[in-house]
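Structure, as C-alpha cells:
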Amino acid sequence: MTHSSAARFSRIAGTGSCLPSNRVTNDQLVARLAQHGIETSDAWIQERTGIRSRHFADSHMGTADLGAEAARQALAAASLSAQDIDLIVVATSTPDMVFPSTACLIQQRLGVHGCAAFDVQAVCSGFVYAMTVADAMIRAGNVTRALVIGAEVFSRLLDFSDRTTCVLFGDGAGAVVLELASQPGILASELHADGRYADILCVPGHVEGGRVVGGGTIKMDGPAVFKLAVNVLENGVRAVLGKAGRVEADIDWLIPHQANIRIMQGLAKKLSLSLDKLIVTVDQHGNVSAASIPLALDHAVRSGRVRRGDTLLLEGVGGGFTWGAVLVDY
Ligand code: UT7
C-alpha cells in the first residue's frame, strides 16, 4: 500500500527499558514469606505462573526514576534527545504522587519543559491505551514525537501476607519513541473496558485526611481474572487484525501482557501461532503491569529477535476490567 505525502501515521523509532538492580528469585521470596508463616514454593509459582524471578525497587527509587531511564534508552535508540519530544504519556497504576502526574515528574528528570505530559490509568492494559492515545495525537497533527512509557513499582502495593498475589508482581519500566511517519507503523488498535468487573482486581483504597482509607494493597480474584482474560483477549486480537486487514499468520511476534505463561500460551494456541512467536519475559520480570509489554518489547528488540519490518501484536489485559491490542509494523 502506498500513501500520499500528506498521510500521517506513527511508527516506533526506538525502545528502551529499565529494571531495578534488586532481582528477587522465587526461593528468596519463599524464604521471606516463611518468616511470616506463609507457605509457598518455587515449584508452585513456576508451574502456575511461569515466574522465576522479579525485580523490586529500593525505597529511594520511584516510578519516575525507572520511567525516565527507560525513556533515555528509547531516545538513544531513536538517535533523538529529550528536546525533540513534544508529548510524554505514561501508563502507570503506581504513580509517585497522587498528583502531579508521573509524566510531569519524568519530564523534569529528562531536563525538558513545555511539552504536553500526562498519565493514563488502565492498569495492566495501560501501555496499549497509552500507545493508542499517542498514535491518535500524532495522526491528528497535535504532535510529531511522543515518548510512551509504562512504569511501575508494584512491589509497593503488595501484601506480603497474601501469597495469592505477592508472588506475581514486580517493578520496572519500558518506553518507546513514537514518531510521525508517512507509512503506518501502528496499523490498528482496539481498546475495551467493563467496569462491572472493577472489584475482581483492584487496590480499593483512597487517600483521605492524609491516610489511605479502604486498603492500599492489591486484591485479586485470580481465577476470575484468568477466565475473563482468556475470553476477552481472543476477540480483541481478532478485531484488531480485522481492522488492519491482516490475519493471524501475518503476526511475526505476539508480545502479550506478561501476567501468566498459561494465559499467554493459551492465546497463542487459539490464534494458531507457534510458541516460537511468543515473546516471554514473565519468567524474569513477573507481572510488571503497564510496564510488562514495553519491557518485553525492548528485550526482544535488544536480543535481536524482533527486527525492523516484523509485524508485532501487543495485547494487554487487567484491572478495570480493561483490555486492548495494538498491531504494529516495526
Ligand atoms: O495483570 C493483570 C492480570 N492478572 C492476571 O492475569 C492473573 C490471572 N490469574 C492467574 O494468573 C492465576 O489465577 C493465579 C496464578 C493467580 C492463581 O493460579 P490458579 O491456578 O488459578 O490457582 P488458584 O487460585 O485456583 O489456587 C489453587 C491453589 C489454592 O489452594 P487449594 O484451595 O486448592 O487448596 C490456593 O490457595 O493454590 C493455592 N495457592 C498457592 N499455593 C502456593 C495460591 N497461591 C499460592 C502460592 N503458593 N503462592
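Positions are given from 1 along the sequence. First listed ligand is number 1; within each ligand, the first listed atom is number 1.
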Requested in this report: Quick one: pull up NE2 in H285 and CG in D171 and give me the separation to the nearest 0.5 Å.
Outcome: 12.0 Å
**Report entry** NZ/K270: more than 12 non-hydrogen atoms of other groups inside 6.0 Å
**Finding:** yes
Query raised in the report: Got more than 12 heavy atoms from elsewhere within 6.0 Å of CZ, R307?
Result: no
Query raised in the report: Can you name the nearest heavy-atom pair linking K243 to A188, along with the distance?
Result: CB-CB, 3.8 Å
Report task. Let me know which protein residues bring a heavy atom to under 4.0 Å of ligand 1; chain then number is fine for ordering. Result -> T40, W44, R48, T49, C124, R163, T164, V167, L168, L201, M220, G222, P223, V225, F226, H257, A259, N260, R262, I263, N287, V317, G318
Query raised in the report: How far apart are the closest heavy atoms of G170 and V288, and which atoms are they?
Result: O-CG1, 3.5 Å
Query raised in the report: Pick one: which of V143, T144, L80, I12 meets side chain to side chain contact (heavy atoms under 4.5 Å, CB included) with E179?
Result: L80
